[in-house]
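Notes follow once the structure below has been shown.
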Amino acid sequence: MFSAADHAFMSHALQLAEKGLYNTTPNPRVGCVIVQNEHIIASGWHEKAGQPHAEIHALKMAGEAARGATAYVTLEPCSHYGLTPPCANNLIEAGIVKVNMAMEDPNPLVAGRGRMLLQQAGITVATGLLEAQAQTLNIGFVSRMTRKKPWVRIKIAASLDGKTALRNGASQWITGEAARTDGHRWRARSCAIMTGIGTIKSDNPQLTVRHIETTRQPKKIVLDSQLSIPLGASLLQDESAIIFTADHHNQAKISQLTKLGVQVIPLPANDGTVDLEKMLTLLATDFAMNEILVEAGSNLNGALLNANLVDEIILYLAPHLLGDDAQGIFRLPELVDLEQKKTLIFEDIRTVGQDIRIVARFR
């Protein structure tokens, strides 16, 4: 159905879409290439939420040359008015005669309506060109639209024997500089970085993107069941923190945090902890978050994993051994049968500096 040239043009559009990796949230990353007589005459990508979409950039570059051309778009052109007008209408008005889409938009506001508008205008539309790559690029957006939950990644730096810190809490630095820089790339693409109160008290992290260039800092999410976070914690200083707690009685502390610009959201579960599933649903539906990066200790890591709320693990393994008494990766209940094991699929394994990075997803 699709030619080698079609694959090449869509591959280029996906490369363009990836340029928006850090900045388009909560929107998807989208690229567009306009082709006339087997030659690219214009291209564009969605650079930032609230700004023109990929198709608009490409059509502006093409001008009148777009008439009679083919557009390659990594996601179905939108058909609704949001912060920007519908892209489907712009493609029609520009005189595009064919649109090749990598995938349909899972957003219920679109979900086939963009394709229908194009077809009703006499434009030939084909879907599915490099679809898997397009879905992977927007895995969090797809998750939010189809599951009403963000895509949850846990990032861990550990020794070769699976330890994240010494018994006394010392952990800087287990992995090398290259792995730490790579970890900041995962931070930069995330809508928020999540941690637990234990990590706040032991490490006082900033949870900011520092080692790579970005124009957007992710939100910071803290799970603090007893609302015991110190008011001087580093991540409370820039008014981008959200604290989920099980304690809705401590109005004095809530008031203090609110004055710092912190959003405090009581969400108690029956066992006195934060209701993790409701929290993730809220982050998707009310905060429009696509991808969450968890950088926490074994308690929160284990709680999320035990509740089957983790989609992906990014594990950096350093060539060190820390011994049995060092702190582990996940705190999980004992298994009595191997059938209870949690199975993942290795998506990517590579060396990063002196360390090994493993990206694995649950089946």
Side-chain angles (χ1 to χ4, degrees), residues 140 143-156 164 190-203 205 207 219-231 233 235-236 240-258 260 262-313 327-337 339-344 361-363:
S143 175
R144 176 164 68 91
M145 291 298 161
T146 59
R147 304 189 305 172
K148 306 302 181 189
K149 285 185 174 62
W151 185 263
V152 177
R153 295 184 176 96
I154 290 182
K155 180 174 78 68
I156 303 161
T164 61
S190 302
C191 301
I193 306 168
M194 179 183 294
T195 195
I197 186 61
T199 299
I200 298 296
K201 290 182 175 179
S202 62
D203 296 343
L207 298 186
K219 290 280 190 179
K220 301 158 190 177
I221 299 170
V222 181
L223 276 76
D224 182 6
S225 295
Q226 305 305 315
L227 213 57
S228 60
I229 189 168
L231 295 177
L235 57 68
L236 299 183
S240 67
I242 304 169
I243 296 178
F244 286 93
T245 183
D247 184 358
H248 54 84
H249 300 294
N250 193 347
Q251 292 300 317
K253 185 67 172 285
I254 292 174
S255 177
Q256 288 175 314
L257 290 166
T258 302
L260 292 175
V262 179
Q263 286 183 271
V264 181
I265 302 176
L267 206 63
N270 293 331
D271 61 357
T273 63
V274 173
D275 190 316
L276 298 176
E277 187 156 7
K278 286 183 178 179
M279 174 190 69
L280 290 177
T281 300
L282 190 69
L283 290 174
T285 57
D286 289 25
F287 290 88
M289 291 189 178
N290 297 328
E291 300 178 19
I292 303 293
L293 185 67
V294 180
E295 297 190 21
S298 60
N299 287 333
L300 180 53
N301 287 347
L304 288 165
L305 190 62
N306 199 46
N308 297 314
L309 297 173
V310 180
D311 299 300
E312 189 170 78
I313 293 174
Q327 298 180 23
I329 296 174
F330 298 104
R331 186 180 296 277
L332 293 169
E334 180 184 1
L335 304 185
V336 296
D337 192 312
E339 292 299 317
Q340 296 174 295
K341 66 183 183 295
K342 295 182 183 294
T343 303
L344 299 96
R361 292 179 186 166
F362 286 92
R363 292 185 183 276

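In this text the structure is predicted, and so the values were computed from the model without any measurement.
The two residues Gly272 and Ser225 have their closest heavy-atom pair at O-CB, 3.9 Å. In plain terms, the two heavy atoms of Leu235 and Ile229 that are nearest each other are CD1-CD1, 4.4 Å. Scanning both residues, Val152 and Val294, for their nearest heavy atoms gives CG1-CG2, 3.9 Å. Considering all non-hydrogen atoms of both residues, Leu236 and Ala241 come closest at CD2-CB, 4.0 Å. Across every non-hydrogen atom of Val310 and Ile313, the tightest pair is CG1-CG1, 4.2 Å. Of all non-hydrogen atoms in Gly302 and Phe330, the two that sit nearest each other are N-CD2, 3.9 Å.
Open room surrounds CZ on Arg331; 12 or fewer heavy atoms of other groups in view lie less than 6.0 Å from it. The 12-atom threshold is exceeded at NZ of Lys342, counting heavy atoms of other residues, nucleotides or ligands nearer than 6.0 Å.
Every residue two or more places apart in sequence or in another chain that forms a side chain to side chain contact (heavy atoms under 4.5 Å, CB included) with Ser228 is listed here: Ile197, Lys201, Asp224. Taking the salt bridge (Lys or Arg N to Asp or Glu O under 4.0 Å) definition, one finds that Arg153 meets it with Glu291, Glu312, sequence neighbours left out. Every salt bridge (Lys or Arg N to Asp or Glu O under 4.0 Å) that Arg147 has, sequence neighbours left out, goes to Asp311. Every residue meeting the salt bridge (Lys or Arg N to Asp or Glu O under 4.0 Å) condition with Lys149, not counting sequence neighbours, appears here in chain and number order: Glu277. The salt bridge (Lys or Arg N to Asp or Glu O under 4.0 Å) check on Lys155 picks up Glu295, with sequence neighbours excluded.
When side chains are defined from C-beta on, Asn290 does not count as touching Ser143, because their heavy atoms never get closer than 4.5 Å. When side chains are defined from C-beta on, Leu231 counts as touching Lys253, because their heavy atoms get closer than 4.5 Å. Residues Val222 and Val262 have side chains not in contact (no heavy-atom distance under 4.5 Å, counting atoms from C-beta outward).
Checking side-chain atoms of Gln251 against main-chain N and O of His248 turns up a donor-acceptor pair under 3.5 Å. Of the possible polar contacts, one joining the Asp337 side chain to the Glu339 backbone as a donor-acceptor pair under 3.5 Å is found. Judged by distance alone, with hydrogens and angles left aside, the side-chain atoms of Lys278 form no donor-acceptor pair with the main-chain N or O of Leu267 at under 3.5 Å.
A distance of 9.0 Å separates CE of Met194 from CD1 of Ile242, quoted to the nearest 0.5 Å. Taking CD1 of Ile292 as the start and CG of Leu283 as the end, the distance is 5.0 Å to the nearest 0.5 Å. Within the model, atoms CD1 of Ile254 and OG1 of Thr245 stand 7.0 Å from one another, a figure rounded to the nearest 0.5 Å.
Screening residues 264-275 for side-chain hydrogen bond (donor to acceptor under 3.5 Å, both in side chains), with sequence neighbours left out, gives Asp271-Thr273.
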